[in-house]
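Reading through the structure tokens given below for one structure.
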Amino acid sequence: MSGEKKTLWSGRFSEGMAESTLAFTSSLSLDRCLARYDVLGSMAHSRMLARQGIISPEDGEAIQDGLRKIMAKIEDGTLPIQERLEDIHTNIEYMLTDMIGDAGARLHTARSRNDQVVTDLRLFMRDATLDTLDAIGLLQKAIMDQASDNLETILPGFTHIQHAQPVTVGHWLMAHFFRLQRDAERLMDAYRRLNISPLGSAALAGTTYKIDRLYTSSLLGFDAPCPNSIDGVSDRDFVAEYLFAAALTAVHLSSLCEELVYWSSSDFGFLEMADACSTGSSIMPQKKNPDVAELVRGRAGAAVGDLVNILTTLKGLPTAYNRDLQEDKPAVFATYDRLVPCLRMTAAMVATVRFNKDRMLAACKDGFLNATDLADYLAMKGLPFRRAHEVVGAVVRYAIDNRKRLEELTLSELRRFSDIIDEDVFSILPVERCVARRTSIGGTSPEVTPMQLSQGMSVLRRQSDFIDRERSRIEKAFRSLM
Ligand code: ARG
């Protein structure tokens with residue numbers, strides 16, 4: 001396996017590949033993280049070959065033995081990499097053959113790099129998906145804890161960044177929780193389509209050897225072999241699906257972080273980020289900056305970019321393997337490496353943020369957040385809501401002109417606009433009452449938000465059961481393979 005120009009396909013070539021071509025086509029800078037999965041895939045494949053009598057039991061044993069040694073090197077970080085071998089798959093196969101001779105050269109029987117590479121990537125993506133789910137759960141947990149501590153903490157709710165109606169911090173936080181729940185559900189759903197074995201698709205057409213695809217699929221803990229070998233080597237839907245779910249998660253994080261950023265500004269002062277999650281300024285000594293939240297918000301851009309990257313790479317590609325498919329890796333690895341720390345850091349920020357209750361409550365006094373409640377009051381007394389809306393509009397205009405809040409107007413001032421207003425109006429105007437009375441399902445009242453929390457609890461349990469079940473299934477499969 002020495003020979004300067006030796007490649008996997010050198011038989012057909014009379015001259016060696018140019019250095020520049022090797023450098024241009026190599027994926028070694030990207031795919032080292034697939035090493036473990038490549039060994040596992042080869043373990044399953046070679047076991048199947050021996051079981052089917054396609055290779056001898058002795059060769060099968062030698063391959064298993066060699067692969068185990070390679071795995072040990074991967075695990076202790078001593079795997080030697082030969083840069084002149086274009087990818088991690090070639091490196092491992094050559095290393096094996098160097099170690100055990102001809103038996104190693106038999107490993108690639110009834111297999112192509114086309115099915116090998118995509119099998120490895122699916123194995124990697126399974127773990128990546130579970131890690132992502134885990135990190136989403138961590139953030140959801142932090143959100144739930146803060147929400148249950150702040151079921152009665154009132155802040156102004158905004159639409160168009162204008163004061164709208166008062167809500168509670170718990171209610172607002174749970175809005176973020178349910179976004180993340182959908183993200184987690186998308187990943188769990190995508191996992192069903194991800195956990196399919198392409199191994200045995202070979203180059204594209206299947207193989208003449210009597211292989212057992214069901215066996216390799218179950219050895220690797222997949223749910224089933226893919227039903228079509230051409231699709232098996234072409235399909236990167238699982239990459240696109242992960243990248244979409246991840247991009248949307250990143251967009252959700254950016255929205256949460258946006259609120260953390262501007263609510264922590266001194267103009268709002270609704271919350272203070274823990275020192276541990278903040279940074280300072282090199283010139284302005286007074287500054288405490290929300291850089292972490294800003295970076296999470298900023299990194300959502302790259303996540304969207306990675307999604308566009310893969311969709312554009314896949315667009316118009318003919319079926320079966322095309323080298324373009326090597327380019328699935330940068331996007332997916334980058335998104336995974338970026339998103340999980342973003343989730344963890346956001347969880348840390350949420351867990352340690354301190355809410356300034358007085359400041360938020362004070363902010364609720366301005367901006368007529370109780371105007372809807374006054375309109376509802378009139379409607380309840382029989383005035384059609386559209387009329388009531390108009391009446392309250394006029395009351396608000398009057399209050400602005402006279403620099404008063406609605407609750408500061410006297411009964412006779414109010415009655416100038418509608419004579420159905422009575423003394424009892426003053427019991428519905430305080431913001432606490434506005435919040436407490438919104439008891440509709442999903443509403444902001446502390447009476448009903450606990451319902452969301454218990455829903456959240458069972459969601460979290462379902463997610464962590466899923467992660468535990470799949471992780472232990474993978475671990476069990478891999479343990480019996482090794
Ligand atoms: N490094 C390549 C990849 O990641 C390996 C597959 C090359 N296969 C081929 N038929 N040229 O996609």
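Along the sequence shown, the residues carry numbers beginning at 1. Atoms within each ligand, like the ligands themselves, are counted from 1 in listed order.
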Heavy-atom check, side chain of Y242 versus side chain of L187, under 4.5 Å: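 When only atoms from C-beta onward are counted, L187 and Y242 do touch, with a gap below 4.5 Å.
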Taking a cutoff of less than 4.0 Å between a non-hydrogen atom of the residue and any ligand atom, is Q116 in contact with ligand 1?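 Q116: no contact with ligand 1 (<4.0 Å).
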After noting the C-alpha distance and the side-chain angles of T352 and C277, does the key distance pass the side-chain contact (heavy atoms from CB on, under 4.5 Å) rule? CA-CA 8 Å; T352 54; C277 300; 3.9 Å; yes
Using a strict cut-off of less than 4.0 Å between a Lys/Arg side-chain nitrogen and an Asp/Glu carboxylate oxygen, indicate whether R47 and D212 qualify as a salt bridge.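 No, no charged N to carboxylate O under 4.0 Å.
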Starting from [atom], find the nearest protein heavy-atom neighbour and note its residue, name and distance.
| atom | value |
| --- | --- |
| atom 10 (N) of ligand 1 | N114 OD1, 3.1 Å |
| atom 3 (C) of ligand 1 | Y321 OH, 3.3 Å |
| atom 4 (O) of ligand 1 | K329 NZ, 2.8 Å |
| atom 2 (C) of ligand 1 | Q326 OE1, 3.0 Å |

Just checking, any donor-acceptor pair under 3.5 angstrom between side chains of E272 and S264?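 Not at all, the side chains of E272 and S264 share no donor-acceptor pair under 3.5 Å.
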Is a donor from one side chain sitting under 3.5 angstrom from an acceptor on the other, for D38 and Q116?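 D38 vs Q116: donor-acceptor pair found between side chains.
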Heavy-atom distances under 4.0 Å decide this one: backbone, side chain, both or neither, for R113 against ligand 1?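 Just the side chain.
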For atom 1 (N) of ligand 1, state which one of T25, D87, L30 supplies the nearest heavy atom.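 Nearest heavy atom to atom 1 (N) of ligand 1 lies in D87.
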Would you find more than 12 non-hydrogen atoms of other residues, nucleotides or ligands less than 6.0 Å from M457 atom CE?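 No - once you tally the heavy atoms of other residues, nucleotides and ligands closer than 6.0 Å, there are 12 at most.
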